[in-house]
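Worksheet for the structure shown next.
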Amino acid sequence: MTVTFQLNGEDCRFHGDPMTPLVDILRQERFLTGTKAVCREGFCGACTVHVDDEAMPSCLKPVGLVQGCAVTTIEGLSSGNQALHPLQAAFEADDAVQCGMCFPGMVMSLSAFVRDNPHASRAEIKAAMVGNICRCTGYERIVDAVAVCLDQARKAGQLVEGINV
Amino acid sequence: MAPGVERSFTAASTLEEALAARRQGAAVLAGGTWMMRDPRRGGQLPVAVVALHRIPALSKVEINADHVVIGAAVTHAVLVRVLHGVAGFEGLVAAAQGAANPGIRSVATVGGNLCALDFAAADLAPAFLVCEATVELQTFEGPKLLGISDFLEGRHRLLTEAIVTRIHLRRDLIASAHIRLPLRKAGDYPVAIVSLAVDKDKRCRIAVGSVEPVARRWTALEQAMAAGPASALDPERAAELALEHNDFQGRDGKEAEGWYRRQVLSPLVRRGVAALLKTEGLA
Ligand SMILES: Cc1cc2nc3c(=O)[nH]c(=O)nc-3n(C[C@H](O)[C@H](O)[C@H](O)COP(=O)(O)OP(=O)(O)OC[C@H]3O[C@@H](n4cnc5c(N)ncnc54)[C@H](O)[C@@H]3O)c2cc1C
Ligand code: FES
Ligand code: FES
């Protein structure tokens, strides 16, 4: 079966088994290895991507279901040559990252969250992270960085990915 | 899948198309969060699937003055958004909001939660039991309506020739609550679940999930509570009655042994009644 979708803003065509998990196509065919396949069960969040702007695990997404959708991976959020997403910048500034394995998924989950919840409390930030497991940091610095990011955006009256905070 | 066999994948745009694919042996694919893990449970992905996400009628929630209709392909996240603040459905909202994690809730559907066979810890099952939900199926012989208890009991047989299309709820509850006990604070399957509701006649309905293989109403406790005065909804008294009328056989599982699941019910009932008393309908 042929499946076509937008991948980081470009047309993408896949020909093969429509039940192939999206993460495998991203990593093995498109070499977008920022998306990690760790548990493959929806528990760790390392494979999180955006499908039509919603954060979800790509390990449980059969590619047949993304026909006609827009998929964004961590590579599509910022190429590295451009300005970082404000959340990525906050993680860097707060030195929140340790080994980095969980971070692409963490950024993809939390970037959708900050966009939709500009006034989130600390408890709400924590609740948004339950699907992203980090074995290194103990989480608190990540929560701090998200809170700082939201706070800065509010003070500056800026947009975090299109939502006026 | 055997080498050389091409998998059939139908994204149905009507129920008729979906049913035709079912007749040809296709398995229903909703969000895929349960099915995609079949290989990790030692099973195989189906050779033919029919996806429901392009059937508009199955992705809608209708809120009417006296009833609510939920399409089977509605996700947990959408259910939370749409029913948030609707009096009487606090428990259902808490069930959909507390299940899994945000990424899964954006994808996992109501139908998938109820149709995942052998999944004892489904949060929506006890929540729908206390709503006395009616499940609408489209079978090879035509549409069929079934009470949620009968559906849960008979789903292995029923689902061989059917698609769940909608869940119908009467708006006859004044308050409800959903209490779950995961081992960690969040992110894993609940060890035990207690859903509670109070209807317009001030009768208390209670259902338990994850303790036995299939969620069910706790009629012994409901009757014991009905024997007391309706105004006397008291967490401590309810917990005592729960201890006295505990007729559950806990299932042994990875997260907890059966005796433990059974044992935690009384404190969960206490928490549940306390939560009920805080709802707008009873406060
Ligand atoms: C990490 C993780 C944590 C989880 N934690 C929880 C939790 O805490 N509480 C909880 O309740 N659940 C939990 N779950 C389970 C989750 O709720 C289910 O995986 C989900 O609801 C299934 O829905 P789906 O749309 O993805 O179904 P699918 O995977 O698409 O389908 C599941 C099954 O139902 C059948 N099916 C689906 N829709 C229909 C229909 N309309 N008619 C007939 N058959 C149908 C399919 O054929 C398949 O057999 C968790 C899952 C994951 C991955
Ligand atoms: S690899 Fe997808 S959630 Fe862990
Ligand atoms: S930084 Fe190492 S797993 Fe999160």
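We name chains A, B, ... by the order of the sequence lines, and we start the count at 1 in each one.
Looking at Ala30(B), only its backbone comes within 4.5 Å of chain A, counting heavy atoms on both sides. Ala112(A) does not touch chain B: none of its heavy atoms, backbone or side chain, sits under 4.5 Å away. Using a 4.5 Å cut-off between heavy atoms, Lys126(A) does not touch chain B at all. Heavy-atom distances place no part of Cys44(A) under 4.5 Å from chain B, backbone and side chain included. For chain B, the nearby part of Glu54(A) is the side chain; its heavy atoms alone come within less than 4.5 Å.
The most heavy-atom pairs under 4.5 Å with chain A, out of Arg105(B), His53(B), Met35(B), Met36(B), come from Met36(B).
Under the 3.5 Å distance criterion, the side-chain polar atoms of Asn101(B) are matched with a main-chain donor or acceptor of Gly42(A). Formation of a donor-acceptor pair under 3.5 Å by the Glu6(B) side chain with backbone atoms of Met1(A) is found in this model.
Residues Val130(A) and Ala100(B) approach most closely at CG2-O, 4.3 Å, considering heavy atoms. A pairwise comparison of heavy atoms in Leu60(A) and Thr33(B) identifies CD1-O, 3.8 Å as the closest pair. Nearest heavy-atom pair across Arg40(A) and Arg37(B) is O-CG, 4.2 Å. Listed here is the closest heavy atom pair of Gly131(A) and Pro102(B): N-CD, 4.3 Å. Counting all heavy atoms, side chain and backbone alike, Ser106(B) lies closest to Ala55(A) at OG-O, 3.8 Å. Nearest approach of Gln67(A) to Arg54(B), heavy atoms of both residues: O-NH2, 2.8 Å.
The number of heavy-atom neighbours closer than 6.0 Å to CD of Glu280(B), taken from other residues, nucleotides and ligands shown, is 12 or below. In Glu92(A), the CD atom is not crowded: 12 or fewer heavy atoms of neighbouring residues, nucleotides or ligands sit closer than 6.0 Å. Residue Phe119(B) qualifies as enclosed at atom CZ: its count of foreign heavy atoms under 6.0 Å is above 12. Around CZ of Arg135(A), the count of heavy atoms belonging to other residues, nucleotides or ligands within 6.0 Å does not exceed 12. By the 6.0 Å contact criterion, CZ on Arg40(B) is enclosed, its count of non-hydrogen atoms from other residues, nucleotides or ligands being greater than 12. Within a 6.0 Å radius of CD in Gln82(A), other residues, nucleotides and ligands contribute more than 12 heavy atoms.
By the 4.5 Å heavy-atom criterion applied to side chains, Leu29(B) and Leu65(A) are counted as neighbours.
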